[in-house]
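Below: one structure, written as structure tokens.
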Number of protein chains: 2
Amino acid sequence: MTERPSAGAAPRIHTSIARDLGVAIVSGQYQPGAVLPGEIEFSAQLKVSRSAYREAVRMLAAKGLVESRTKTGTRVSERARWNMLDPEVLAWAFVNEPPEPFVRSLFEMRLIVEPAAAALAAVRRTEPQLARMRQALEDMGRHGLGTPEGRQADQDFHSAILLATGNEPLAALSSTITAAVRWTTAFKYRKNAVPRDPLDDHGAVFAAIAAGDAARAREAMTALVSLALEDTSTVLGE
Amino acid sequence: MTERPSAGAAPRIHTSIARDLGVAIVSGQYQPGAVLPGEIEFSAQLKVSRSAYREAVRMLAAKGLVESRTKTGTRVSERARWNMLDPEVLAWAFVNEPPEPFVRSLFEMRLIVEPAAAALAAVRRTEPQLARMRQALEDMGRHGLGTPEGRQADQDFHSAILLATGNEPLAALSSTITAAVRWTTAFKYRKNAVPRDPLDDHGAVFAAIAAGDAARAREAMTALVSLALEDTSTVLGE
DNA sequence: CGCGTCTATTACTCAGACAATAGAGGTGTG
DNA sequence: CACACCTCTATTGTCTGAGTAATAGACGCG
């Protein structure tokens, strides 16, 4: 991308409060249906002003995690209302170790979306988009997935494909899927389970997209995600 | 669902401000990169307090529509950062007539996600989930898509299938897809283009899921969405 | 012409008050 | 005793006004 994601942003209190509360909620520390302490009490407890606390709650409400009503208070929404596709919510889910079925669900979603996206991208990709995939692939090879640069390149590769579908809602899944890629990859390396080098898999996808071969792109991407799931499964202890 | 969606909620100022601004942004009234007027000026212009205005901005920021930084001000984010899968953002996009390629993209996404979801649901659905689909189907038949009740039943049907995949991230797409269903259906009827009765298509999907036949469920759902796209296409003037 | 410094602008944070709402519990009436 | 209605209170919502912190851009210096 054109700018670094986590640089230059000063730490704002309402943001960090939202993050802390969000993590607590998605990790089950506050169960759905539970009501948070009142604004005055809770904001005092957190040592912040009521305004800052309220802004944090508004952010969580915008992501579907909580609902506020007068007199009733602010309560954690039922899980079905959570916006799990929101990149931030997904990131919060990976702060603590997420439950194994959840990780599996993410791969299942990737297995549905990414092969189809690769097929579309094979037909619609523009030259600059292709160049971006090539660049990402090259960076992956140079740095390896052990380095932050390499992982960034991995995410860029997947993101570029979704972007190349020319489908805005699909592209919106890009941030979700790259987040999933990021956390699962980091997860694997945290466990010191060094997997196969996935460079060949990525290369096959790229070749198919470059050739404009939709069917082959779909197959190659299916293989890629399946193998990534296998790698992760061994780490999850199956 | 267990509760009415739009009932019992008192109109809160920050919510309506967020809605108005959100609509203005997604409809292109504020271009990406444009900076909004300063907090003090803009809140005065909107005749609300700074707190209410700020809470509205926090909500928009949580959905990726704007970014605030000191000195720079609050500016509209680039479209790629927008969380188009957020149900509210999607709803805002349909307040004004959305561009035709966007509607088409939504159907393209549904064509990717829903058949796969139907296939999963055919294998994993529980008896209560099946009952909910049956109920929704029945309601659709009784009320017809011309009535709000019938449309609600249509959404419930699609929602129930996504829920029955047992995949939480996929289920999160439920609110997005039902929103898409809702607006495109309303759109068709607004144009007085009364389409075929889609009840048979839905019935075929249900039968396949009830029978546990994943392949047939996938095909039936593909047919359903394709036909819905055709109906919408004629309205869009092709 | 490059680079550090200064300043003005902007969002951010805080504090305290009042309004509006909804639930609880009491009250009156049949 | 049952039930509808009313009041009362706790909680979020809204407003005002002030002060703080960060930073983009101007400015001056080497």
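Reminder, nothing fancy here: chain letters follow the sequence lines and each chain counts from 1.
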> Where the side chain of A:A52 is concerned, which of C:dC14, C:dA22, D:dT14 is the nearest nucleotide?
Replying inline: C:dC14
> Whole-Å distance between D:dA24 C1' and B:R75 CZ?
Replying inline: 11 Å
> So does A:R12 get a side-chain nitrogen or oxygen closer than 4.0 Å to the phosphate oxygens (OP1/OP2) of C:dC12?
Replying inline: yes
> Nearest-Å distance, CD (A:E41) to P (D:dT11)?
Replying inline: 9 Å
> Parallel under 30°, tilted from 30 to 60°, perpendicular over 60°: which one fits the rings of B:Y53 and B:F42?
Replying inline: perpendicular
> For the side chain of B:I13, counting heavy atoms from C-beta on, which of C:dT13, D:dT14, C:dA11 is nearest?
Replying inline: D:dT14
>> Reading DNA chain D from 5' onward, which residue's closest nucleotide shows up sooner: A:G38 or A:P11?
In response: A:G38
> Could you give the CD1-to-C1' distance, from A:I40 to D:dT14, as a whole number of Å?
Replying inline: 14 Å
>> Expressed as a whole number of angstroms, how long is the span from A:L36:CG to D:dT11:P?
In response: 13 Å
> For A:L60 and D:dT12, what is the distance between atoms CG and P respectively, to the nearest whole Å?
Replying inline: 15 Å
> When the distance from CZ of A:R69 to C1' of D:dT14 is rounded to whole Å, what number comes out?
Replying inline: 18 Å
>> What I want to find out is whether B:D154 reaches B:R151 closely enough, with some N-O distance under 4.0 Å, to be called a salt bridge.
In response: no
> What class does the angle between the rings of A:F157 and A:F206 fall in, given that below 30° is parallel, 30 to 60° is tilted and above 60° is perpendicular?
Replying inline: tilted
> A:R54 side chain: which of C:dC12, D:dT14, D:dA24 is closest?
Replying inline: D:dT14
>> Looking at every non-hydrogen atom in both residues, tell me the closest pair between A:A210 and A:R125 and how far apart they are.
In response: O-NH2, 2.8 Å
> If you check every side-chain atom of A:T70, which of C:dA22, D:dA24, D:dT16 has the closest atom?
Replying inline: C:dA22
> Considering heavy-atom distances to DNA chain C, does B:T72 or A:H14 have its closest nucleotide positioned more toward the 5' end?
Replying inline: B:T72
>> Measure NZ/A:K47 against C1'/C:dA15 and give the value in whole Å, please.
In response: 17 Å
>> Just the rounded figure in Å: distance from C1' of D:dT11 to CD of A:E67.
In response: 17 Å
> Which residue, A:R50 or B:K71, contacts DNA chain C at a nucleotide closer to its 5' end, judged by nearest heavy atom?
Replying inline: B:K71
> How would you label the contact of A:S68 with the nucleic acid (heavy atoms, under 4.0 Å): base, sugar-phosphate, or nothing?
Replying inline: sugar-phosphate
>> By nearest heavy atom, map B:Y53 and A:E39 onto DNA chain D; which one lands nearer the 5' end?
In response: A:E39
> Should the pair A:R81-A:E78 be classified as a salt bridge under the 4.0 Å nitrogen-to-oxygen rule?
Replying inline: yes
